[in-house]
2 protein chains.
Amino acid sequence: MSTKSVQPKNIDTRDRILDAAEELFVEHGFAATSLRAIATRADVNLAATNYHFGSKMGLLGSVFHRHIFPVNEERLKRLKALERSERSLTLNEILEALFLPLIEGLPHERLPALMGRIFSEPESITKPIIEKEFAEVAARFQAAIVKVLPDLPIEILRWRFHLMIGSMIHMLKFQSPIGSEYSRDMFTKGIEELINYSVAGLSRGQNLQGNPDQQVNHQEISK
Amino acid sequence: MSTKSVQPKNIDTRDRILDAAEELFVEHGFAATSLRAIATRADVNLAATNYHFGSKMGLLGSVFHRHIFPVNEERLKRLKALERSERSLTLNEILEALFLPLIEGLPHERLPALMGRIFSEPESITKPIIEKEFAEVAARFQAAIVKVLPDLPIEILRWRFHLMIGSMIHMLKFQSPIGSEYSRDMFTKGIEELINYSVAGLSRGQNLQGNPDQQVNHQEISK
DNA sequence: ATTCGATTTAAACGATCGTTTGATTGAATG
DNA sequence: CATTCAATCAAACGATCGTTTAAATCGAAT
């Protein structure tokens with residue numbers, strides 16, 4: 001109420017609710033997870049969920065924001081750092097700025113699965129959240145990609161960007177290819193593959209400008 | 001009961017339930033759709049849903065099977081036709097056999113959205129369905145792709161196949177890139193882009209055998 | 001005309017849902 | 001010590017859920 005921000009006395013409760021909600025949302029989805037199950041797992045009173053987060057949707061928003069906000073901050077920070085240099089960027093650099101924050105300084109082991117799940121919810125649930133959290137990141141990175149692929153018609157680039165996001169979501173959701181077991185190394189490898197795959201898909205048929213390094217892989221793999 | 005299959009007397013009810021369920025599942029997801037809402041939209045009695053399909057899960061299975069089965073049949077038919085020829089196949093041909101049945105002779109306009117939604121449900125829901133409907137298609141196409149990319153380590157190929165499926169699901173779910181309006185032409189264009197994108201991603205760094213056409217794009221990327 | 005199985009129906013089952021209420025706690029403030 | 005207020009609690013709100021029951025209805029075969 002005062003101008004000084006009031007610290008909540010008991011941050012344990014809030015955080016325990018967030019932790020429990022996160023686990024259950026990932027496992028069963030939003031609609032199939034009850035506030036009672038969350039409260040039970042968090043070992044708090046049922047009414048505490050509404051007291052701290054207003055509603056079930058509010059809780060979902062908070063669960064998501066907690067982990068994705070720092071990742072998106074890091075993404076924008078890296079992109080801005082790249083853009084401050086005056087040379088023209090490479091597609092590889094841009095996608096690294098977009099995807100590597102998902103594993104470097106990973107704020108929480110459960111973030112990837114959480115992102116994968118939220119993006120999979122029906123649009124009525126995800127739309128406000130995605131617009132709030134991702135509007136800026138999506139716009140800025142798409143603009144950056146346009147710059148390195150100037151000859152690609154915009155409608156094709158939109159499709160490819162769309163396909164890239166789909167790969168990312170699916171990869172985050174399962175975290176290892178079907179039939180393989182999860183491990184941190186496996187996941188890291190997946191992010192690298194995601195970057196390679198996306199570079200190839202986005203730039204198909206295009207002359208890439210910028211650092212020729214990014215074509216090295218391309219060449220050295222061709223025997 | 002007899003050896004002759006008994007035709008249900010009133011296929012109207014069954015089909016009306018399937019139609020209604022399909023629309024509502026796509027729009028709101030499985031958990032958030034009630035059997036009462038389905039029965040109301042289908043203009044049938046609530047108990048009819050359990051009578052004809054046993055349970056809500058049974059209904060979901062039937063909704064999905066109805067449209068995806070013919071598509072998967074067509075996919076396998078095309079792949080087998082390719083494999084009967086004795087020349088070595090191209091990646092492009094294989095992916096066309098995998099993706100073009102989604103638009104050619106499209107059994108139902110709503111299939112893409114339905115596939116996109118089902119694949120997005122929590123694993124506890126989708127796992128039995130996906131295993132039942134897609135096990136053979138996934139195995140056969142993955143094997144075919146291995147043959148045209150013999151030098152690609154299997155763990156990398158698994159990731160790339162995984163990323164490709166992610167692109168497909170996302171593309172089916174939205175049917176047009178964010179910010180663009182849906183049209184049948186737009187969707188067809190998206191399938192074509194999906195094939196191009198996947199060829200580039202899967203074959204990145206690989207020498208493709210078969211029709212050299214598909215390498216043209218690949219080469220012109222390197223300036 | 002009657003029988004019979006398949007289908008439809010109204011009604012209810014017990015369970016669970018998100019949210020709200022009003023009392024109670026407990027630590028900080030004066 | 002008295003006051004205050006954020007936080008917690010048990011309990012209940014009305015609504016809705018998937019499923020089941022048992023009677024009613026219908027068409028075709030006997």
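Numbered from 1 within each chain, the chains take letters A, B, ... in sequence-line order.
- Atom CG in B/Leu59 sits about 10 Å away from atom P in D/dT19, given to the nearest Å.
- In this model, no donor atom of one side chain and acceptor atom of the other lie less than 3.5 Å apart for B/Glu193 and A/His162.
- If you measure from atom CG of B/Leu24 to atom C1' of D/dT16, you get 16 Å, rounded to the nearest angstrom.
- In this model, the phosphate group of C/dT16 is not approached by any side-chain N or O of A/Ser34 to a distance below 4.0 Å at OP1 or OP2.
- Among the nucleotides C/dA6, C/dA12, C/dG18, the one closest to any side-chain atom of A/Leu35 is C/dG18.
- In this structure, CD1 of B/Ile17 is placed 12 Å from P of C/dT7, rounded to the nearest angstrom.
- A donor-acceptor pair shorter than 3.5 Å cannot be found between the side chains of A/Asn196 and A/Glu192.
- Of the side-chain N and O atoms in A/Thr49, none sit less than 4.0 angstrom from OP1 or OP2 of C/dG18.
- Rounded to an integer number of Å, the gap from B/Arg16 CZ to C/dT7 P is 15 Å.
- Atom C1' of nucleotide C/dA6 and atom CG of B/Asp12 are separated by 16 Å, given to the nearest angstrom.
- Contact annotation: B/His52 does not reach the phosphate of C/dA6 (side-chain N/O to OP1 or OP2, under 4.0 Å).
- Comparing C/dC17, D/dT19, C/dA6 by their closest approach to the side chain of A/Arg36 singles out C/dC17.
- Counting all heavy atoms, side chain and backbone alike, A/Tyr197 lies closest to B/Leu202 at CE1-N, 3.7 Å.
- In terms of position along DNA chain D, the nucleotide closest to A/Val44 lies nearer the 5' end than the nucleotide closest to the other residue of the pair A/Val44 and B/Asn50.
- Remark: the backbone N or O of B/Ile130 is not paired with any side-chain donor or acceptor of B/Thr126 at under 3.5 angstrom.
- Protein atom CG of B/Leu46 is 14 Å distant from nucleotide atom P of C/dA12, rounded to whole Å.
- The CD1 atom of B/Ile38 sits 8 Å away from the P atom of D/dG18 (whole-angstrom rounding).
- Within the nucleic acid shown, A/Ala47 comes within 4.0 Å of at least one base atom, counting heavy atoms only.
- Distances shorter than 4.0 Å separate some side-chain N or O of B/Thr13 from OP1 or OP2 on C/dT8.
- Phosphate proximity of D/dA7 to A/Asn45: absent, as no side-chain N or O sits under 4.0 Å from OP1 or OP2.
- C/dT8 atom P lies 12 Å from atom CG of B/Asp43, rounded to whole Å.
- Residues A/Phe134 and A/Arg75 meet the side-chain proximity criterion, which asks for heavy atoms closer than 4.5 Å.
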